[in-house]
Amino acid sequence: MRPATRAVHVGRPAHEVDEPLNVPITMASTYVAGGDREYGRYTNPTWTAFEEALAALESGDEPARCLSFASGQAAISVILDLVGHGETVVAPRHAYTGTVLQLADLESRGRVATHLVDITDTGAVVAACTDAALVWLESPTNPAMEVADIATIAAAARAAGAYVVVDNTFATPILQQPLDLGADLVVHSATKYISGHSDVVMGALVTRDEALYGVLKGRRDLLGAIPGPFESWLALRGLRTLALRVERSQASAAELALRCTAHPAVDEVRYPGFGGMLSIVLPGAEQADRLVRSTSLWVHATSLGGVESTFERRRRWAAEATTIPAGLVRLSVGIEDVEDLWDDLSAALDLG
Ligand code: PLP
């Protein structure tokens, strides 16, 4: 099966008479004893359906295991918990703020040492891998839109004995499969494209390493950051249309990137050439704040990857890296008609 078909078909009940086409929402804190399920913090059939579908998308024909979590941040926490006391994590200087904040917190408590890198400088990242226990990549990065050479970095990290993790939230498995590029783990904020409708907070990780899966499942059981059955069902329902949504968002984002490049109010456009995310840089915070207040379709909101187009001036957050321009606005392009999106955006840009 190809990705769009996997997205629709994996994780469904067997094709048997009277079986529903969709997995039911199993509301259960406990199961009759004696089987594999036992308790609602360890497993849930609705999670399992979602996990099978996402694993199949990230890994193709190679067997892989997925674990779903209460949020992307919970999945990130469980992975970072793999790092031994005082060991080094190599991470992007411009990753999602939650990841950067969490690493800074762990470092301030002496738990890990962090080595922040420019992930576009492959030579520098490869050199940093030598003393790392874990190499964290996000590609494209949020919100700088930088792209890493995942295959080269993963090969170097593995040779150094480090785990390689790729946050694949922006690219989605439709456009990038990091496990095929040598990563040990893929992590998602399923809140974004995977669920796709701005109505769920959820996270997930995927790995082909059965032993690593066992360790991480054990951490999830103990730390307890599990998703709700209803959220899992919604995320799976969203996942069914992932390929279509990504295709439309990407086509519109590419078009908007071209048009923004030609607009005199825009100093710089950062579009990696794929995906539905781009960032535009206006001269300063004042112009960017005016832009996000002046549209009717585009909504000023954090988060991304929903069917509706949203945008955000990222430096409104105190935690955002100061190397991100104050006038940078990150655009999450939804599935509306691109001409309506441009009419609304360009009218606001015309205000200067
Ligand atoms: N990774 C990326 C790239 C994100 O953008 C986010 C949230 O914005 C996260 C991880 C964290 O996910 P969540 O908000 O679902 O906890």
Side-chain angles (χ1 to χ4, degrees), residues 47 50 54 58 66-81 89 91-105 116 119 134 136-148 150 165-176 178 183 185-206 220 223-228 231-232 234-235 238-239 246 249 253 270 272 274-279 299-306 310-321 324 328-333:
W47 303 350
F50 169 80
L54 185 56
E58 283 291 355
C66 171
L67 286 167
S68 45
F69 289 86
S71 64
Q73 205 59 34
I76 291 169
S77 307
V78 162
I79 296 171
L80 290 179
D81 207 41
V89 179
R93 61 184 176 138
H94 290 148
Y96 168 59
T97 45
T99 308
V100 175
L101 284 175
Q102 196 167 355
L103 281 167
D105 175 57
L116 299 185
I119 61 151
L134 189 140
W136 192 279
L137 295 176
E138 191 178 290
S139 187
T141 54
N142 180 2
M145 306 304 298
E146 297 147 333
V147 173
I150 296 174
V165 185
V166 178
D167 185 328
N168 207 24
T169 300
F170 272 35
T172 84
I174 300 299
L175 302 175
Q176 174 170 275
L185 282 161
V186 171
V187 65
H188 277 282
S189 169
T191 312
K192 316 296 197 254
Y193 286 101
I194 299 292
S195 60
H197 294 73
S198 308
D199 51 10
V200 174
V201 175
M202 227 178 104
L205 63 82
V206 183
R220 185 181 68 175
L223 298 176
I226 53 165
E231 282 73 11
S232 308
L234 278 175
L239 185 74
V246 167
S249 294
R270 299 188 185 183
F274 64 96
M277 299 295 302
L278 68 146
S279 290
V299 188
H300 190 213
T302 200
S303 200
L304 56 109
T310 57
F311 57 0
E312 184 182 30
R313 186 173 84 79
R314 284 300 299 177
R315 283 287 300 284
R316 78 187 175 102
W317 296 98
E320 188 56 84
I324 297 298
L328 181 142
V329 177
R330 187 191 66 195
L331 279 65
S332 170
V333 182

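Atoms within a ligand are numbered from 1 in the order they appear, just like the ligands themselves. Owing to the predicted nature of the structure, the values given are computational and were not obtained by experimental measurement.
- Checked by atom type, the side-chain pair His94/Glu146 shows a donor-acceptor distance below 3.5 Å.
- Distance alone, capped at 3.5 Å, is enough to place a donor-acceptor pair between the Glu138 side chain and the Asn142 backbone.
- Of all protein heavy atoms, the one lying nearest to atom 15 (O) of ligand 1 is Thr191 OG1, 2.6 Å.
- Classification of Arg330 and Glu320 as a salt-bridged pair fails, no side-chain N sitting under 4.0 Å from a carboxylate O.
- Although no hydrogens or angles enter the test, the distance criterion places no donor-acceptor pair under 3.5 Å between the side chain of Trp47 and the main chain of Ser68.
- From the protein, the heavy atom lying nearest to atom 11 (C) of ligand 1 is Tyr96 CE2, 3.4 Å.
- Scanning the protein for heavy atoms near atom 1 (N) of ligand 1, the closest one is Asp167 OD2, 2.6 Å.
- Proximity of a side-chain donor or acceptor of Asn168 to a complementary backbone N or O of Gln176 within less than 3.5 Å is detected.
- Look at Thr99 and you'll find every heavy atom at least 4.0 Å from all atoms of ligand 1.
- Between Gly72 and ligand 1, an N or O atom pair is found at a separation short of 3.5 Å.
- For ligand 1, the atoms closer than 4.0 angstrom to any heavy atom of Met202 are 15 (O).
- Under the rule for a ring pair (Phe, Tyr, Trp, His ring centres under 6.0 Å), the partners of Phe311 that lie at least two apart in sequence or sit in another chain are Trp298.
- With His188, Arg330, Lys192 as candidates, the residue nearest to atom 8 (O) of ligand 1 on a non-hydrogen basis is Lys192.
- Contacts between Val187 and ligand 1 below 4.0 angstrom, taking non-hydrogen atoms only, are absent altogether.
- Partners of Thr310 under the side chain to side chain contact (heavy atoms under 4.5 Å, CB included) rule, at least two apart in sequence or in another chain, are Val299, Ala301, Glu308, Ser332.
- At a 3.5 angstrom cut-off on N or O pairs, Glu138 does not count as close to ligand 1.
- The nearest protein atom to atom 5 (O) of ligand 1, hydrogens excluded, is given as Asn142 ND2, 3.0 Å; this is a heavy-atom distance.
- A donor-acceptor pair is defined here as one N or O able to donate and one able to accept, closer than 3.5 Å; no such pair exists between the side chain of Thr141 and the backbone of Pro143.
- Those atoms of ligand 1 that come under 4.0 Å of a heavy atom in Ile76, given as number and element, are 10 (C).
- Distance from atom 16 (O) of ligand 1 to its nearest protein heavy atom, with residue and atom name: Gln73 N, 2.8 Å.
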